[in-house]
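Data block below; observations after.
Whatever order the structure lists ligands and atoms in, that order sets their numbers, starting from 1. All residue numbers refer to positions in the sequence shown, counting from 1.
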Amino acid sequence: MLAETDVVVVGGGLAGLAAARRLHRASVPWRLLEAGDRLGGRVATDRVDGYLLDRGFLDEPILLVDGDRRELVANTVVLSNAAPTYVPAGRHLVATSVVGPQAPPEPAIRQELDRLYGRSTADWTHLSTVSIPDALPAAPPPQGRLRKPVALGDGLFVAGDHRDSPSIQGALASGWRTAGAVPAALRPSQGGASELDGGTEANS
Ligand SMILES: Cc1cc2nc3c(=O)[nH]c(=O)nc-3n(C[C@H](O)[C@H](O)[C@H](O)COP(=O)(O)OP(=O)(O)OC[C@H]3O[C@@H](n4cnc5c(N)ncnc54)[C@H](O)[C@@H]3O)c2cc1C
């Protein structure tokens, strides 16, 4: 049985967590419901054979993108250069993203990686493939029009990367923006933050 609360946040992805964080700061009682068995949504880290495998984000400093528009490999990164603690000593970890309804066969991906890295990947070990359905909302140009309203009426609000940019920053900003709009709906006589307030504070 849930305790009484003013606000229910449905979903513990980055947008939901950002919303909960802002509600907490504003002393608005909230409760978060997550359908899965962990928080983070599309952002997660799996441990495989002593390696840490991130999904939902890639770290700097080296991100190779396919500028030749062959549209097989979206990007690839030597993750261990940015996060040495992700690998056993003396090993490297390469993360590669491909986009599409079905993953291309491994040999085709290796062929592209040979080309992008300028060396053979024949001696690289395949650790894991993770499929993420509905990985990202479409964001067609012009990119300046991505922000969408979060208030649906009747006390319902929506947050997520589909309300801002399809990214970690967009998810956090939309959650922050949504939570900024909630107090005004709860206590209209006292005013409150407008829907557009606070989007840029998401990472503070
Ligand atoms: C492969 C990949 C690589 C990416 N790389 C980058 C990157 O390099 N940089 C970057 O900025 N972004 C990147 N992104 C995008 C970023 O990860 C997402 O935009 C962001 O994590 C989305 O967060 P969200 O909170 O909007 O949604 P989600 O993470 O999808 O969270 C939604 C949550 O709600 C829960 N939920 C859904 N329905 C219910 C329900 N009915 N009841 C309870 N809970 C529910 C789900 O279980 C989930 O936990 C990448 C994404 C992918 C897939």
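- Residue Glu34 places at least one N or O, backbone or side chain, under 3.5 Å from an N or O of ligand 1.
- One finds the CG atom of Leu32 at 6.5 Å from the CG atom of Leu39 (value rounded to the nearest 0.5 Å).
- Between the side chains of Thr121 and Asp114, a donor-acceptor pair is found at a separation under 3.5 Å.
- In terms of polar-atom proximity, defined here as any N/O pair under 3.5 Å, Leu14 does make such a contact with ligand 1.
- The environment of Gln111 atom CD is sparse: at most 12 non-hydrogen atoms of other residues, nucleotides or ligands sit within 6.0 angstrom.
- Residue-to-ligand polar distances place Ile168 within reach of ligand 1: an N/O pair is separated by less than 3.5 Å.
- Close approach of ligand 1 to Gly41 (heavy-atom distance below 4.0 Å) involves ligand atoms 29 (O), 31 (O), 48 (C), 49 (O).
- Listed by chain and number, the residues in a side chain to side chain contact (heavy atoms under 4.5 Å, CB included) with Ala139 are Gln143, Leu146, Pro166 (sequence neighbours excluded).
- Residues Trp124 and Val94 have side chains in contact (heavy-atom distance under 4.5 Å, counting atoms from C-beta outward).
- The residue from Asp161, Val130, Val43 that puts a heavy atom closest to atom 21 (O) of ligand 1 is Val43.
- The 12-atom threshold is not exceeded at CZ of Arg91, counting heavy atoms of other residues, nucleotides or ligands nearer than 6.0 Å.
- Of the N or O atoms in Leu136, none lie within a sub-3.5 Å distance of an N or O in ligand 1.
- An N or O contact shorter than 3.5 Å is missing between Gln169 and ligand 1 by distance.
- Listed by first and then second residue, the side-chain hydrogen bond (donor to acceptor under 3.5 Å, both in side chains) pairs involving residues 98-108 are Glu106-Arg110 (not counting sequence neighbours).
- The shortest N/O to N/O separation between Ala171 and ligand 1 does not fall below 3.5 Å.
- More than 12 non-hydrogen atoms from other residues, nucleotides or ligands lie less than 6.0 angstrom from CG of Asp123.
- Heavy atoms of Leu39 found under 4.0 angstrom from ligand 1: none, in either backbone or side chain.
- Heavy-atom proximity to Gly160, at under 4.0 Å, picks out these atoms of ligand 1: 26 (O).
- Heavy-atom proximity to Ala35, at under 4.0 Å, picks out these atoms of ligand 1: 42 (N), 43 (C), 44 (N), 45 (C).
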